[in-house]
Structures are given as structure tokens and as C-alpha cells.
Amino acid sequence: MRAVLDGELRGVYEDRRTTVASFLRQWLAVKKEELAPNTYAGYEACVERGKVTVYRIVSTLRNALNAAVRAWGLRYNPAKHSVPARPRAAERTCWTPDEAATFLRHNAEHYADQLTDLFEVILGTGMQPELAGRVRRSAR
């Protein structure tokens with residue numbers, strides 16, 4: 001009740017159960033009709049697949065506003081309780097030796113180019129297999 005009355009007094013209605021992610025999804029739903037399709041798609045990608053980005057931005061903002069509070073530039077940090085949980089790293093899968101050999105064989109048979117040595121280094125050092133596909137596309 002105290003929070004409701006305080007919100008009424010200040011004109012702010014906080015719901016501390018609202019997460020940054022849920023707020024952004026609500027905001028995006030409202031904005032969908034007024035945004036160009038490409039703009040909406042970009043925002044949606046940031047909201048739905050940008051957990052690390054959101055975490056970093058909110059953390060940076062919270063730290064900057066904490067500094068403003070310490071320097072007497074703000075009375076209160078509005079981002080104090082807005083930091084989402086640290087996102088988990090995506091689970092990575094490694095190619096089996098057979099999969100790596102199949103990839104190298106395919107590359108040699110279909111492309112027979114100078115990237116074969118690079119791919120062997122990538123696979124031999126344990127770099128991410130997705131990198132090989134990116135290297136192939138960028139070499140075209």
C-alpha cells in the first residue's frame with residue numbers, strides 16, 4: 001500500500017516484478033505499428049536475442065548512475081534494481097574427429113583452394129567450427 005500511495009504522490013507506478021526483458025517486449029509490441037519493418041526487426045533482434053547486450057548496457061548505466069549519486073548529481077539511482085541476471089553462455093558443441101574429417105574432405109573435393117590449410121589450423125586448435133563457415137563465405 002505504501003508503494004502505491006508513494007507512486008500516486010510522485011506520479012510513478014513501479015512494479016518491481018517487471019523485468020527489463022518483459023518491459024522491452026511490452027514496449028516493442030506497442031511500437032510495432034509505428035515502426036518501419038526493418039527498424040522493428042532490428043529492435044526485435046536486440047530484445048529477443050540480445051540478452052548479453054542488454055545485461056552490459058543496463059550494468060553500465062547502473063554503474064554510471066551510481067557514480068552520479070556518489071557525486072551528488074542524483075538523489076537516487078533509477079537503475080539500481082534494473083540489472084538482469086547475468087546471461088549464461090551458449091552451450092558449445094565440438095565436432096567429432098569424423099565430422100572434422102568429413103568437413104576437410106568436402107572442402108578438398110569441392111573447393112581445392114588455399115583455405116584448406118587454414119581450416120586444418122582452425123580445427124587443430126579447437127576454434128569454433130562456425131568460424132570455418134564464416135571464413136569460407138568471406139573469401140568469396
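- Summarising the geometry, atom CH2 belonging to W95 is positioned 9.0 Å from atom CD1 belonging to I122; distances are rounded to the nearest 0.5 Å.
- Each ring-ring contact (aromatic ring centres under 6.0 Å, His included) pair with one or both residues in residues 16-57, not counting sequence neighbours, appears once here: W27-Y43.
- Taking the side-chain contact (heavy atoms from CB on, under 4.5 Å) definition, one finds that N66 meets it with R62, N63, R70, N77, sequence neighbours left out.
- The salt bridge (Lys or Arg N to Asp or Glu O under 4.0 Å) check on E109 picks up nothing, with sequence neighbours excluded.
- Within the hydrophobic cluster formed by Ile, Leu, Val, Met, Phe, Trp and Tyr side chains joined at under 4.5 Å, directly or through other members, L74 is accompanied by L61, L65, V69.
- The hydrophobic cluster analysis finds V52 isolated: no Ile, Leu, Val, Met, Phe, Trp or Tyr side chain comes under 4.5 Å of it, directly or through other members.
- Between H81 and Y76, the ring planes lie tilted relative to each other; the angle falls in the 30° to 60° range.
- For H110, the ring-ring contact (aromatic ring centres under 6.0 Å, His included) partners two or more places apart in sequence, or in a different chain, are H106.
- Residues satisfying the salt bridge (Lys or Arg N to Asp or Glu O under 4.0 Å) test with K31, not counting sequence neighbours, are E34.
- The side-chain contact (heavy atoms from CB on, under 4.5 Å) check on I57 picks up T53, with sequence neighbours excluded.
- Take R25 and apply the salt bridge (Lys or Arg N to Asp or Glu O under 4.0 Å) test, not counting sequence neighbours, and it matches E48.
- For T102, the side-chain contact (heavy atoms from CB on, under 4.5 Å) partners at least two apart in sequence or on another chain are R105.
- S22 is linked by a side-chain contact (heavy atoms from CB on, under 4.5 Å) to T18, T19, counting only residues two or more places apart in sequence or in another chain.
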